[in-house]
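These numbers come from a predicted model, not from an experiment. Proteins come first, then strands; the chains are lettered A, B, ... in the order of their sequence lines, and each starts at number 1.
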Amino acid sequence: MEIAGLPIPPDLAASYARRGITELYPPQAACVEAGLFSGKNLLISIPTASGKTLVAEMAMHHQVARGGKCLYIVPLRALASEKFQEFSGKGLRIGIATGDFDRRDDYLGRNDIIVATSEKVDSLLRNRTPWLADITLLVVDEAHLIDDPSRGATLEMVITKLRHRNPDMQIIGLSATIGNPADLAGWLDAELIESDWRPVDLREGVFFQDSIQFADRVRQIERKSKYEDLDLVLDTVAEGGQCLVFVSSRKNAEAFAKRAASGLKLANPVLAGYADRIRSNAATDMGKTLAACVAQGAAFHHAGLSREERQIVEAGFREGEIKVIASTPTLAAGLNLPARRVIIRDYLRFSAGEGMLPIPVREYRQMAGRAGRPHLDPYGEAVLIAKSEEMVEELFDCYIEAPAEDVRSRCANEAVLCTHILSLIATGFARERDEVLGFMDGTFYAHQGESQRALSRVVHRVLEFLREAEMITEVGDWLEPTEYGSLVSRLYIDPRSAEVIVTAMADQKDYTDIGLLHLLCSTPDMPTLFVRRDDMYLLDRFLADHRDDLWMEIPWDADEEFDRSLKTALLLADWVNEIGEDEICRRYNVGPGDVYGMVESVAWLVHASRHLAGLFAPHLVRPIEEMELRTKHGIKKELLPLIRLRGIGRVRARRLFDNGIDSIEALRAAGQEKVSRILGQGIAAQVFEQLDGVREEIQEISEEQSTLSRFG
DNA sequence: CCTGTAATCATGTAGACAGCATGTC
DNA sequence: CTACATGATTACAGG
């Protein structure tokens, strides 16, 4: 099917033509035939990288041309910015809405297409964002994630809410191949487009001893080392391709990258440049290891990497300089980073309480789908590694030829339902018990015909919890949010977290940093660190000296959960006491990316607890407010006055303080010349420019006060 | 007595969304 | 309940 004949704006068609796209792939053509441009709902269940985004993009441009507005929901922030860039520069106004990166909400509504994470959309719904009512086309990327145990319910509720509000809205679901696509399509009243067509030939096989067995052929691999995974990589590189190796743990990723580095032994100025950039920014052991690997053309990738390190690794691979990345599942679900050969080395993964479990077929497909770069590779290869003769067949049966798992609703989970039912009541979606149940009737859960009784039991239990927590009141059948309840809903924290925080604050007399941090680390919203055996010394030593500083009682049989929250709190306490990042990484055995993630999470919870304190413990608002700034910047209390200035962060503020400048007044007294010596001329000029502004501000305030006092 | 190395044992294990209001080195 | 690589500890031979 020719693009030229489609009802899309000429600008868009032209931008496709420039990229050499003039004709649709067969599954894309099927979407058009199924009613893409006549407002039909579609569920497109086709493999990764076979042009789903293009279908959605054409539909969005078509909608906007007719005065519509589109919302594109993605599961990850990284994906949001990837899509944002992809959609930009093609004639429409594109907005992006995620927690960390945000065009202001009121401006957001002026865009034609808004890209957002599901949680952000949920939050926008909770805050009654008006423009959501104008959405005429909803695109749900990775719609199969409705099955995700922790975040699936949010996606399901967001879709249900949006449909409830905009019944005429067109919906396009983009999904990986799943076992029961008709089920999902039925719920969405959508036409199902199913296909396993791919733009690049994908060969899936199993490696054993010295050859890869494919369904229809065998490929010999030269054995150069005693490591089969390494030989598979060297084979691809020798052929001019790149490799992605999926492993089960961070340690495995790092170990394999080291092995690959010494096997490849590449060296060139570009790689040396990457390595230098990584080295100069990272004092951690992990960073040094990464730099050493990258210098030789190999890298590892996991959530412990800092943003910068990640970015360098991804870019280096895209440029073709880095030949192999050993990765944990970070890369499987995240960015689009294809390689000629994908090696799924570990198909067992540890899962808490259950030991080693085989990864789901869907995840295998997700990883295998990364094989083969369109237009660049002649074909893609996905390779599993068998450890014995029998495993070869088993891997074929369990992965390559296995049907993908069914998608199931995750709505019946009491814990996740708590937050969503509260938000239904807080935003007026439901005002009575029956309305809550009626709303739930529109969910995928109900569509799947799961037991209604089970659902209604859970709903009643949840309402009971919310009522006892005084987040809602119930008069007759009438449900009403309390001020507390509606605050919790808007803050977007788990009601159970709010309860933990409020209970502890209510009978609290003295504020301590560690008390607050530990409290927040004990909430279900906070990810906590794994406690190793030799961490116990650290924890015990802390408890010996500071047990009275904790807000929460120490259980007499301190369990693992307690240890985890305490260890995490200690890390964060170090962060706000300006312990260096590398020292923190060493002390707690984490990477810079982990520190960043935990700081981000706790900063959000500190913010929420400040609002909760406003309601229940006013005397704590002030100290919590300080802690909010301190967590955000990673500074001691003494730097608070300086941090307010633009251009001054934790490092520069510390440098000023150590030179005897501890406040705005001191800064002014020191004079621009002295500050120039400390910070350099440019920054100093910028700072002093602001000081003039501050002076005016202060004058204004004092004038205002004098006017007031005249009346008082 | 010290050192290097092989055998043995204990240990630890993936990822990442949200508020708010603008700017780090 | 499941696996397995890593790092620590111990055992032991050789210098």
Within the 3.5 Å criterion, strictly below it, is a donor on [X] or [Y] matched to an acceptor on the partner's side chain?
{"X": "A:Thr154", "Y": "A:Arg410", "answer": "no"}
{"X": "A:His420", "Y": "A:Glu156", "answer": "no"}
{"X": "A:Ser423", "Y": "A:Lys161", "answer": "yes"}

Mate of [N] where both pairing distances stay under 3.5 Å, Watson-Crick or G-U:
{"N": "C:dA11", "answer": "B:dT5"}
{"N": "B:dT11", "answer": "C:dA5"}
{"N": "B:dA16", "answer": "none"}
{"N": "B:dA21", "answer": "none"}

Could you tell me how far apart [X] ([atom1]) and [N] ([atom2]) are, to the nearest whole angstrom?
{"X": "A:Ile493", "N": "B:dA18", "atom1": "CD1", "atom2": "P", "result": "15 Å"}
{"X": "A:Leu629", "N": "B:dT24", "atom1": "CG", "atom2": "P", "result": "11 Å"}
{"X": "A:Glu581", "N": "B:dC25", "atom1": "CD", "atom2": "P", "result": "13 Å"}
{"X": "A:His302", "N": "B:dT13", "atom1": "NE2", "atom2": "C1'", "result": "13 Å"}
{"X": "A:Asp122", "N": "B:dG19", "atom1": "CG", "atom2": "P", "result": "10 Å"}
{"X": "A:Leu145", "N": "B:dC17", "atom1": "CG", "atom2": "P", "result": "12 Å"}
{"X": "A:Leu357", "N": "C:dC4", "atom1": "CG", "atom2": "P", "result": "13 Å"}
{"X": "A:Arg310", "N": "B:dA14", "atom1": "CZ", "atom2": "P", "result": "14 Å"}

[X] vs [N]: side-chain N/O to OP1/OP2 distance below 4.0 Å:
{"X": "A:Arg250", "N": "B:dT13", "result": "no"}
{"X": "A:Lys251", "N": "B:dT11", "result": "no"}
{"X": "A:Thr328", "N": "B:dG15", "result": "yes"}
{"X": "A:Ser601", "N": "B:dA18", "result": "no"}
{"X": "A:Arg655", "N": "B:dC25", "result": "no"}
{"X": "A:Thr117", "N": "B:dA18", "result": "yes"}
{"X": "A:Arg349", "N": "B:dA14", "result": "no"}

Check every atom of [options] against the side chain of [X] and return the nucleotide holding the closest atom.
{"X": "A:Phe530", "options": "B:dT13, B:dA16, C:dT6", "answer": "B:dT13"}
{"X": "A:Met356", "options": "C:dA3, B:dA14, B:dA18", "answer": "C:dA3"}
{"X": "A:Lys387", "options": "C:dC4, C:dT6, B:dT24", "answer": "C:dC4"}
{"X": "A:Lys632", "options": "B:dA18, B:dG12, B:dC20", "answer": "B:dC20"}

[X] near the nucleic acid: base, sugar-phosphate alone, or nothing, with a heavy-atom cut-off under 4.0 Å?
{"X": "A:His611", "answer": "nothing"}
{"X": "A:Arg151", "answer": "base"}
{"X": "A:Ile648", "answer": "sugar-phosphate"}
{"X": "A:Ala608", "answer": "nothing"}
{"X": "A:Arg533", "answer": "sugar-phosphate"}
{"X": "A:Ala255", "answer": "sugar-phosphate"}

Checklist entry - So, A:Arg250 and A:Asp594, do they make that salt bridge, N to O below 4.0 Å? => result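 Yes, this pair counts.
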Checklist entry - Do the rings of A:Phe616 and A:Tyr484 sit parallel, tilted or perpendicular, given the 30° and 60° boundaries? => result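 A:Phe616 vs A:Tyr484 ring planes: perpendicular.
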Checklist entry - Is the cationic atom of A:Arg259 (NZ for Lys, CZ for Arg) positioned less than 6.0 Å from the six-membered ring centroid of A:Tyr227 and within 45 degrees of its normal? => result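 Judged by the rule (NZ or CZ under 6.0 Å from the ring centre, within 45° of its axis), A:Arg259 counts as positioned above A:Tyr227.
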Next on the checklist: Does A:Arg650 qualify as a cation-pi partner of A:Trp575, given the criterion of NZ or CZ under 6.0 Å from the six-membered ring centre and within 45 degrees of its axis?
Outcome noted: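 Relative to the ring axis of A:Trp575, which defines the angle, A:Arg650 lies inside both limits.
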Next on the checklist: Reading DNA chain B from 5' onward, which residue's closest nucleotide shows up sooner: A:His301 or A:Val651?
Outcome noted: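 It is A:His301, whose closest nucleotide lies nearer the 5' terminus.
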Checklist entry - Taking for each residue the nucleotide of DNA chain B with the nearest heavy atom, is it A:Arg652 or A:Thr330 whose nucleotide lies nearer the 5' end? => result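 So the residue in question is A:Thr330.
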Next on the checklist: Check for me: is A:Trp604 stacked on B:dA18 by the 5.5 Å centroid and 30° plane-angle rule?
Outcome noted: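 Stacked: ring centres under 5.5 Å, planes under 30°.
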Next on the checklist: Please give me the minimum heavy-atom distance between A:Ser497 and A:Thr523, naming the atom from each residue.
Outcome noted: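 Shortest heavy-atom separation between A:Ser497 and A:Thr523 comes out as OG-CB, 3.4 Å.
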Checklist entry - Does A:Glu628 make a side-chain donor-acceptor contact with the base of B:dG19, cut-off 3.5 Å? => result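 Present.
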Checklist entry - What interatomic distance, in whole Å, is found between P of B:dA14 and the corresponding atom of C:dT6? => result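 These two P atoms come out 13 Å apart once rounded.
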